[in-house]
Amino acid sequence: MSVVAPRFASAPPPPLLVLLLLLLLQAERPRGAELTFELPDNAKQCFHEEVERGVRFSLDYQVITGGHYDVDCYVEDPLGNTIYREAKKQYDSFTHQAEVKGVYQFCFSNEFSTFSHKTIYFDLQVGDEPPILPDMGRRVTALTQMEAACVTIHEALRTVIESQTHYRLREAQDRARAEDLNSRVSYWSVSETVALFVVSVSQVLLLKSFFTERRPVSRAVPS
């Protein structure tokens with residue numbers, strides 16, 4: 001007689017969990033860009049983004065490596081007017097509501113540096129983040145338990161993403177500083193070794209010259 005092993009059917013996920021995942025996946029994010037790039041010395045790099053009138057945008061940037069960790073940054077509207085300009089900043093944030101529809105220009109300049117390359121991170125967000133629930137701004141009743149859980153999870157995930165970005169930048173900046181310090185210590189150690197060797201040889205030669213017997217040279221007297 002053959003014995004058939006019992007089969008255990010996998011329990012379907014609870015409906016509450018499915019609805020939470022669907023709401024989180026459907027949540028929209030503001031349009032934007034997040035980029036890390038290298039800016040050579042005596043160079044300028046510009047980025048362009050089309051923004052509708054009345055839309056708010058924000059720019060966050062930070063110099064990760066290079067020189068004194070500073071860069072020039074300015075923003076121009078479609079008419080060519082400079083709406084933001086800062087010189088030799090390590091990091092900064094800028095928020096503006098577009099008054100003119102068109103392509104805005106975001107530029108980073110390292111033209112004041114003659115030999116230092118810079119690594120720059122910036123985050124450009126266009127538009128406000130929409131609510132996770134479609135009618136959240138118009139409703140007058142309290143949120144249900146599922147909706148409140150969705151909002152809490154969404155806020156927690158956004159906080160985690162911001163923290164991860166912050167720690168990644170700090171880690172990259174600290175690693176670059178450590179590598180630069182290591183190279184400087186290595187060069188200094190090599191130069192000290194060479195200097196000690198030269199001084200040691202010089203002292204040996206000097207002491208040897210003190211104990212070297214100099215015999216007088218006899219000259220023949222002409223007859």
Side-chain angles (χ1 to χ4, degrees), residues 29-30 32-49 57-76 82-96 104-126 156-217:
R29 297 190 61 186
E34 187 177 3
L35 183 65
T36 302
F37 67 99
E38 184 176 355
L39 185 63
D41 54 289
N42 295 320
K44 180 177 69 173
Q45 183 71 39
C46 293
F47 302 88
H48 303 82
E49 182 69 25
F57 62 88
S58 61
L59 174 67
D60 300 324
Y61 64 92
Q62 179 178 348
V63 181
I64 301 177
T65 61
H68 297 285
Y69 301 91
D70 52 357
V71 70
D72 295 345
C73 178
Y74 65 90
V75 181
E76 292 184 353
T82 302
I83 58 179
Y84 170 81
R85 179 182 292 274
E86 289 291 342
K88 296 184 178 181
K89 296 284 290 187
Q90 181 178 356
Y91 60 89
D92 200 8
S93 299
F94 171 68
T95 303
H96 180 74
Y104 284 74
Q105 184 174 236
F106 307 86
C107 294
F108 299 91
S109 175
N110 193 29
E111 295 175 328
F112 60 88
S113 179
T114 56
F115 57 88
S116 296
H117 286 54
K118 307 291 177 63
T119 303
I120 301 174
Y121 161 84
F122 77 91
D123 181 15
L124 175 64
Q125 297 295 331
V126 180
L157 290 176
R158 186 171 61 180
T159 304
V160 169
I161 292 174
E162 293 176 355
S163 300
Q164 287 180 343
T165 302
H166 172 72
Y167 288 127
R168 282 200 304 267
L169 293 176
R170 289 291 301 273
E171 188 270 337
Q173 192 175 49
D174 293 341
R175 184 177 66 250
R177 289 181 176 178
E179 291 176 354
D180 180 64
L181 181 61
N182 181 47
S183 62
R184 292 186 180 185
V185 171
S186 300
Y187 292 148
W188 179 256
S189 301
V190 171
S191 62
E192 281 190 338
T193 302
V194 173
L196 287 175
F197 179 77
V198 172
V199 170
S200 300
V201 172
S202 301
Q203 289 180 348
V204 170
L205 295 177
L206 182 62
L207 290 175
K208 185 178 180 181
S209 65
F210 290 159
F211 296 97
T212 301
E213 182 180 0
R214 296 182 179 180
R215 298 180 179 180
V217 180

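The shortest distance between side-chain heavy atoms of Phe37 and Phe122 falls below 4.5 Å. Here the side chains of Leu169 and Ile64 are in contact, with some heavy-atom distance below 4.5 Å. When side chains are defined from C-beta on, Leu124 counts as touching Phe106, because their heavy atoms get closer than 4.5 Å. Taking 4.5 Å as the limit, every side-chain heavy atom of His96 sits out of range of all side-chain heavy atoms of Val75. Two residues are said to be in side-chain contact when any heavy atoms from C-beta on lie closer than 4.5 Å; Val201 and Phe197 meet this criterion. For the pair Asp41 and Thr114, the minimum side-chain heavy-atom distance is 4.5 Å or more. No side-chain heavy atom of Ser163 sits under 4.5 Å from any side-chain heavy atom of Val160.
Counting non-hydrogen atoms of neighbouring residues, nucleotides and ligands closer than 6.0 angstrom, the CZ atom of Arg170 reaches no more than 12 such neighbours.
Between the side chains of Glu34 and Tyr121, at least one donor N or O lies within less than 3.5 Å of an accepting N or O.
Taking CD of Glu76 as the reference point, atom CZ of Arg85 lies at 7.0 Å (rounded to 0.5 Å). Remark: Phe112 CZ to Asp70 CG distance equals 4.0 Å, nearest 0.5 Å. One distance of note links CD of Gln90 with CG of Asp92; it measures 11.0 Å at 0.5 Å rounding. Separating the CD atom in Gln62 from the NE2 atom in His166 is a distance of 8.0 Å, to the nearest 0.5 Å. To the nearest 0.5 Å, atom SG of residue Cys73 and atom CD of residue Glu86 are 8.5 Å apart. Between the CG atom of Leu39 and the OG1 atom of Thr65 there is a distance of 10.5 Å, given to the nearest 0.5 Å.
Here the shortest heavy-atom pairing between Lys88 and Asp72 reads N-OD1, 2.7 Å. Summarising the geometry of His117 relative to Asn110, their closest heavy-atom pair is CA-ND2, 4.5 Å, with the distance given to 0.1 Å.
Lys118 places no side-chain N or O within donor-acceptor distance of the main-chain N or O of Gly67, the cut-off being under 3.5 Å.
Cysteines Cys107 and Cys46 place their SG atoms closer than 2.5 Å to one another.
For Tyr61, the ring pair (Phe, Tyr, Trp, His ring centres under 6.0 Å) test picks out Phe108, with sequence neighbours left out. When the salt bridge (Lys or Arg N to Asp or Glu O under 4.0 Å) test is applied to Glu171, the partners found at least two apart in sequence or on another chain are Arg175.
Each of Phe57, Tyr74, Tyr84 was compared with Tyr104 under the ring-ring contact (aromatic ring centres under 6.0 Å, His included) criterion, and only Phe57 meets it. The side-chain contact (heavy atoms from CB on, under 4.5 Å) test with Ile120 is passed by exactly one of Val71, Leu35, Thr36: Val71.
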